[in-house]
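Convention: sequence-line order gives letters A, B, ...; per-chain numbering from 1.
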Amino acid sequence: MLSQFVDNALPPETRTSLELHLSTCPACQNTVKSYQNIDNRVIQNIQRHSHLVNNTALVQELVVKLKKEKATEASDFSFFQGMIEFIKGKKIYLQMASFAAILLISMAFLQDQKVVLHSPSAIVNSIDGDIASVMILETREQHHTIIWYKES
Amino acid sequence: MIIILVYIAISAQAFAGNRVTGNVRIIHASSGPVHMDRALKDLGRELQSVFKYTSYRLVSRKPLNLAHHEVGRIILPGNRTLEISPMGFKKGRIKFKINILKRNQSVFTTEILLRNGSSITIGGPDYKKGYLLFNISATAR
């Protein structure tokens, strides 16, 4: 509580009652004094060392850094602009469109290959023999083909 | 040009060689105590979706490794023989000629187009209070 008193972190009522106690208690007074001394020493040290830091150099470094960042943004923009100009200049729209068309047709072709998986596992071209009856079935899930025949 | 190259690449990948490998699983289906062989796990659900049998037992599994027009012969239970021969490719599938014989007499003949890497099941012959099913799977190599 005494350290909070030194830091001015106590509510007003508690602080008032503690001040009353401090006026009659030398032990607590000593403790408060020792806390205050520590605080003062820390502040003094910070102030002493802050003179050693070169603020001007820090500011200069920050300015250089900001300028560099701006320059990079500008170069990115100019690269993008350059690309557009290049495309416009060379008139490569037709080539790009052709490439896109080829890509789409190839994808459609590959898609067709996948569709095959949804067709029956086997296509029955012909059945013959000394049989009483025959059935051709296809399962719903895996499209598995089954031929069921009855010997005569 | 690119489309042609893609087509050639895919076709070549699908049917790289002229050999057909696979296997024939001989299955006994019956209405006995409920049973599904572990080796039929991939096929079991498909069979159960169309048949009412409660027991599916793998009798044997025979490997296939055939060149085109080569005839593979597999001995089946009940004095039966399965003759299978790949006959080339059609519509992107493997063309097979299958013949089932009983006591050296042709009983059942079929010509099928099997999807590469897939299988077909042929069944029906009576055997030991149940029926025989032949699951034929094949891949072109």
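- The closest side-chain heavy-atom distance from A:N125 to B:L113 is below 4.5 Å.
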List the steps, then state whether side chain to side chain contact (heavy atoms under 4.5 Å, CB included) holds for B:I100 with A:Y149. CA-CA 11 Å; B:I100 297 172; A:Y149 72 92; 3.6 Å; yes
Go through the steps to decide whether B:L47 and A:I146 satisfy the test side chain to side chain contact (heavy atoms under 4.5 Å, CB included), and finish with yes or no. CA-CA 9 Å; B:L47 296 176; A:I146 299 167; 4.2 Å; yes
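- If you measure heavy-atom distances from B:F51 to chain A, the contacts under 4.5 Å come from the side chain alone.
- The contact between B:N135 and chain A is made entirely by side chain atoms (from C-beta outward), counting heavy-atom distances below 4.5 Å.
- By number of non-hydrogen pairs under 4.5 angstrom with chain B, the leading residue of A:T145, A:T139, A:I147 is A:I147.
- Other residues, nucleotides and ligands place more than 12 heavy atoms under 6.0 Å from the CD atom of B:E70.
- A heavy-atom distance below 4.5 Å is found between the side chains of A:H144 and B:S119.
- A side chain to side chain contact (heavy atoms under 4.5 Å, CB included) with B:T110 is found for exactly one of A:I136, A:D128, A:V134, A:I127, namely A:I127.
- Using a 4.5 Å cut-off between heavy atoms, B:S118 touches chain A through its side chain atoms alone.
- Of the atoms belonging to A:L137, it is side-chain heavy atoms, and not backbone ones, that fall under 4.5 Å from chain B.
- Proximity to chain A (any heavy atom under 4.5 Å) is restricted, for B:L43, to the side chain, taken from C-beta onward.
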Trace of the side chain to side chain donor-acceptor pair (under 3.5 Å) decision for A:S121 with B:R93: CA-CA 9 Å; A:S121 69; B:R93 291 164 177 263; over 6 Å; no
Show, in sequence, the C-alpha distance, side-chain angles and deciding distance for A:S119 and B:R115, and conclude whether the side chain to side chain contact (heavy atoms under 4.5 Å, CB included) test is met. CA-CA 9 Å; A:S119 61; B:R115 194 169 67 211; 4.1 Å; yes
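- Ranked by heavy-atom pairs shorter than 4.5 Å toward chain A, the options B:G123, B:P125, B:G117, B:G124 are led by B:G123.
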Please report the C-alpha distance between B:V50 and A:W148 in whole Å, then the side-chain angles of each, then the deciding distance to 0.1 Å, and finally whether the side chain to side chain contact (heavy atoms under 4.5 Å, CB included) criterion is met. CA-CA 11 Å; B:V50 290; A:W148 190 263; over 6 Å; no
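- Taking B:I122, B:V107, B:L114, B:N99 one by one and counting their heavy-atom pairs under 4.5 Å with chain A, the maximum is reached by B:V107.
- More than 12 heavy atoms of other residues, nucleotides or ligands lie within 6.0 Å of CZ in B:R61, so this atom counts as buried by the packing criterion.
- B:K91 does not touch chain A: none of its heavy atoms, backbone or side chain, sits under 4.5 Å away.
- Interface check for chain A: of the options B:D126, B:T121, B:I98, the most heavy-atom pairs under 4.5 Å are formed by B:T121.
- Looking at B:E111, its side chain never comes within 3.5 Å of a backbone N or O of A:V124 through a donor-acceptor pair.
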